[in-house]
Amino acid sequence: MDNGVSTKRKRSTDSDKGAEASPLQNGGAGTPSIKRFFKQVNVKVTSSSLDASPVQPAVSAQGQDPAESPAHLTGPSDVPVQGARMLPSSLLNTSTANSCYQSANGSLSRAMESISRVGDSFTAGDRSHVSQTQWGTGLGSTSGRQQQQYPHQHQHQHQQRQPLGSSSSRQMQLQGEASSPDLSDEQEHVVDLVREGRNVFFTGNAGTGKTFLLSRILTELQLRFGEEYSRRVAICAPTGIAATHIQGTTLNSALGIGVPNTHKDFGTMHKQDTRMKIQAYQVLVIDEASMLSAEMFEKVEEKIRDIRNSKLPAGGLQLIVCGDFFQLPPVSKPWDRSMPPDAFMNWGWAFQAPAWRSCNFEHVLLTKVFRQKDETFVRLLDDIRYGRNTRASIEALIAKCKRPLAVTNGIKPTKLFGRNADVDKVNKDELDNLAGHVSSFQAEDEVEVDRVVTGNAIPLAQQRLQRHEFFRDCLAIPQVQVKVGAQVMLLKNVDLEGDINGRQLVNGSRGVVTALVPKATVLRRLEQERRTAQAALPDRGGMLGGGMGGGLAGFAAAAANGTVVPPGPGGPPNGADDVGEAGMKVGNLSRSIESLRRWNGTVLPKVLFLNGAEVEILPSTFSASLPNVGTVKRQQIPLKLAWAITIHKSQGLGLDLLQVSLRSMFQAGQAYVALSRARSLEGLEVLDFDWNCIKTDPLVTQFYEAMSKGQAAVKELLDSSNAWQELSGRGLIVDSARIQTNYYLVLALLAQLAVRKGNGTTRSAWQGDAAWTPVTSGWQNRNSFASQGSSGTSYNGGGRGTGYVPGGSSYNGGGRGAGYSTGGSTWGRGRGGGSFGGAGRGRGGDTCFKCGQTGHWASQCQGRR
Ligand SMILES: Nc1ncnc2c1ncn2[C@@H]1O[C@H](COP(=O)(O)OP(=O)(O)OP(=O)(O)O)[C@@H](O)[C@H]1O
């Protein structure tokens, strides 16, 4: 039985306007006035390119990521998703005990009590407050202590910033989020810095609530900018999927960069419409900064300054950046000889960019881990994160987690692999192994052109939206295929409002498909629930006749017909809370009924989750907006097959039961990301490993060590980077015309910082394909680089022990590095050469660091001897 529907292609009429505006759209959950602002010309088009192949594995293919496309890399974080929060429990048939389901393999009776028991213990992990961890610098819990620990060390320099009004706006924010957890003191501190208009970088272990905090900050920004929000705030992440965590877009998209192959390609940022956009922005928000390269950050910062005609860092934009540099690095391109000299390689950690230093970030380290409760586990993860005691850590893990995990009530653990091929194989095999029919759910995609776009610009905007990377990157894939018995993962947070057991379903919650329920049956139930909810609506006649009655009346009416936005910044006007609650329920039900009626599928999957809740999964809206262009949306069942997923895709998730393969880790942070998805040691099994599976970058370690000492230490660290002083002192941070030759020098030099001096141990700073032995130093090396810079031999830290570093190898090409020299390329530096560029005296054909032979690049090395 195939219940799939073909992707629709439709164009709305004027009568569609407004009614279609999704409350889920980016920023759309604002105040009613924001809502009005977001009201758009609604042009719905589905790109035919989105049609899925009839049988498609759960994980799609094309991509730039070593495992798969970064666009497909990660699942969502546990950020409360507004859309999900809007789903009332009434939309979910939360049948509990005594349920059983028919698997295709036969009847599987479910002991729901035991599932509930397991599930409760898992779900508690993400919601509970865990006592502060011991290893980091504890942050003060009183504001006084915070003041001490976060002295504000630089002046406001961004004239265009509007410091946020404080308490009233905060109250407004909290009003609509009563059920969300309170921010911790350290999280509050970050919000305070944001309010003050500072450039902030906040980071911390996996599960410290970075994305959660970012979503709160976005709420603050909505309040700061009101109707101007989408014009003033660029919400970005380096990859598409990371962007969907915060309902933003990729950095490339927000800044009109496209997919740069060369540095020249950044010139697209100067296009008229992008220029205007960039000039209008006041805040640039970047999540998952570990995947933002130094090269990208440097280039973007320079261009923004240029476009905004300002000498201020980032042209006066407020920068709010978060992420964990111990997690996955940028997806760099391997160097290839055929590449042009100004090829964009996506190299380096963002904090390595000179621009990072000039942006004067307030660096805040979040230390309180929320995801895991078990302090032993938290400490073990921290060791792995830092690459401390790696052998002991692996042994401890193996001792605790090598045993097979129990298959709990038929729900198998999620397997995490480094490589996409392993994932696809497991999911396909598992689905094939299930008897029964495949049910396919086809995504329904649409684009809405913003109302500011008029006339001939509409078709153009439409085209841009149809080609938007969102459709490639969206967490919800074009075609979801399941069978009864299929193991799946939820892709949205869902409030089981009113659930007597207080259960939660979050993105990453896993379960098993127990049935496929006819759509008509679900519709009947929802309609009944709406009738009941309508009957419970309070009579607000008296109040509505009063002073603020107009607003409330409008609100109540809108709630009843399903056209209001939910609580939160877009919630009811002050004083309308009680109307709001009942009205919201009716509104949400109405919206769901309408959307389900339009949904082309004929059945809906019913899923039994680990926490014991068994719910029918309704189609859900995933969206992103392109300021002043429009919105892209995908309506899809928010599920994916989840017997296995890639580690990249798991970034941002918390998982209850997982099996991790640590055998083929090829990037820094991969093992840490994989293991830190687990909420408990009990729920984690290590399938296999090798002793080198834990890879950390010493540069990252030193950066974090400085952060743990406070802002002053970070500043000192960055200031002590004579390398960077040298770079800027010698004019290496240059304009576009010179970037072609000189930018490589910057990156090459930065790459060299990762080289351990003197012991011959090597690593390839940013190349995933290079041999890599973990090293422990890095910054020291910079000093040697700086102090001996003029000799022409010390850029690689005395000339020894470098790995393959494109560009950087040219420095070694001065004669001493183990890296393969380009033989004195234009940007290479020969031994003793007095200038950075073009000395060209590198010893051509220096040895390949992999095999020790000359004449080929390490990336081309076939192990010849
Ligand atoms: N102040 C808080 N109180 C209670 N729970 C919180 C708080 N902050 C975050 N959490 C919860 O902690 C869990 C992890 O949060 P989140 O995913 O934002 O962490 P993260 O730091 O972004 O993790 P990762 O680095 O793995 O992406 C989520 O379930 C979130 O709801």
Side-chain angles (χ1 to χ4, degrees), residues 73-82 84-85 122-133 136 139 141 174 177-191 201-219 237-239 241-246 285-291 321-328 364-373 377-378 381-382 384-385 416 490 492-495 503-509 611 647-656 658 669-680 704:
L73 300 184
T74 61
S77 71
D78 296 331
V79 178
V81 176
Q82 286 164 340
R85 284 168 51 77
F122 290 131
T123 29
D126 263 353
R127 289 282 167 187
S128 60
H129 294 243
V130 180
S131 58
Q132 190 159 323
T133 49
L139 297 177
S141 58
L174 294 176
E177 297 192 359
S179 63
S180 296
D182 290 337
L183 294 179
S184 64
D185 287 342
E186 52 193 14
Q187 290 171 330
E188 284 280 6
H189 173 67
V190 174
V191 176
F201 167 63
F202 59 95
T203 182
N205 293 41
T208 46
K210 297 180 290 297
T211 310
F212 171 85
L213 171 58
L214 194 56
S215 74
R216 292 293 183 89
I217 288 170
L218 293 180
T219 306
T239 66
I241 283 197
T244 63
H245 298 182
I246 48 171
V285 174
I286 306 176
D287 193 10
E288 300 287 4
S290 69
M291 301 189 82
V321 180
C322 77
D324 176 12
F325 287 108
F326 278 112
Q327 295 188 35
L328 298 172
V364 181
L365 194 55
L366 301 176
T367 59
K368 183 168 177 170
V369 176
F370 291 94
R371 184 173 295 135
Q372 292 91 14
K373 282 198 292 187
F377 189 26
V378 166
L381 285 176
D382 200 49
I384 290 167
R385 170 184 156 91
L416 296 188
L490 190 63
K492 287 254 182 178
N493 289 1
V494 171
D495 238 347
R503 292 173 302 197
Q504 298 286 333
L505 289 179
V506 296
N507 59 53
S509 291
N611 68 359
I647 292 170
H648 279 85
K649 196 159 256 169
S650 76
Q651 182 156 306
L653 289 179
L655 294 171
D656 32 37
L658 74 157
Q670 247 182 332
Y672 174 64
V673 167
L675 297 168
S676 61
R677 301 310 99 199
R679 295 191 177 119
S680 69
Y704 276 75

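Because only heavy atoms are used, hydrogens play no part in the values below, and waters and symmetry mates are left out as well, while side chains stay in. Counting starts at 1 for both ligands and their atoms, following the listed order.
Using a 30° and 60° split on the angle between ring planes, Tyr704 and Phe325 fall in the perpendicular class, above 60°.
In Ala206, the parts holding a heavy atom less than 4.0 Å from any atom of ligand 1 are both the side chain and the backbone. When non-hydrogen atoms are compared, ligand 1 lies under 4.0 Å from the backbone of Asp182 (N, CA, C, O) but not from its side chain.
Checking Lys210, Lys368, Arg677 against atom 25 (O) of ligand 1, the nearest heavy atom belongs to Lys210. For the residues Phe202, Phe212, Phe326, the heavy atom positioned nearest atom 7 (C) of ligand 1 is part of Phe212. Comparing Gly323, Gly209, Ser215, Ser184 by heavy-atom distance to atom 16 (P) of ligand 1, the nearest is Gly209. Summarising the contacts of atom 14 (C) of ligand 1 with Gly207, Cys322, Ser650, the nearest heavy atom is found in Gly207.
Every atom of ligand 1 with a heavy atom of Thr208 under 4.0 Å away is listed here by number and element: 19 (O), 21 (O). Of all atoms in ligand 1, numbered sequentially from 1 with element shown, those under 4.0 Å from a heavy atom of Gln327 are 25 (O). Residue Thr211 has at least one heavy-atom neighbour below 4.0 Å for each of these atoms of ligand 1: 18 (O), 22 (O).
Checked options Leu655, Val673, Leu675; the residue passing with Leu416 is Leu655 (criterion: side-chain contact (heavy atoms from CB on, under 4.5 Å)).
Under the rule for a side-chain contact (heavy atoms from CB on, under 4.5 Å), the partners of Ala206 that lie at least two apart in sequence or sit in another chain are Gln327, Arg371, Tyr672, Ser676, Arg677.
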Inset, instruction - Check the pair Lys368, Glu186 against side chain to side chain contact (heavy atoms under 4.5 Å, CB included), reporting the backbone distance first and the verdict last. - result: CA-CA 8 Å; Lys368 183 168 177 170; Glu186 52 193 14; 3.3 Å; yes
Inset, instruction - Assess whether side chain to side chain contact (heavy atoms under 4.5 Å, CB included) is satisfied between Leu218 and Val285, documenting all intermediate values. - result: CA-CA 9 Å; Leu218 293 180; Val285 174; 4.1 Å; yes
Inset, instruction - Would you please test Val364 and Thr203 for side chain to side chain contact (heavy atoms under 4.5 Å, CB included) and show each step? - result: CA-CA 6 Å; Val364 181; Thr203 182; over 6 Å; no
Legend entry - Test log, rule side chain to side chain contact (heavy atoms under 4.5 Å, CB included), inputs Gln670 and His648: CA-CA 8 Å; Gln670 247 182 332; His648 279 85; 3.7 Å; yes
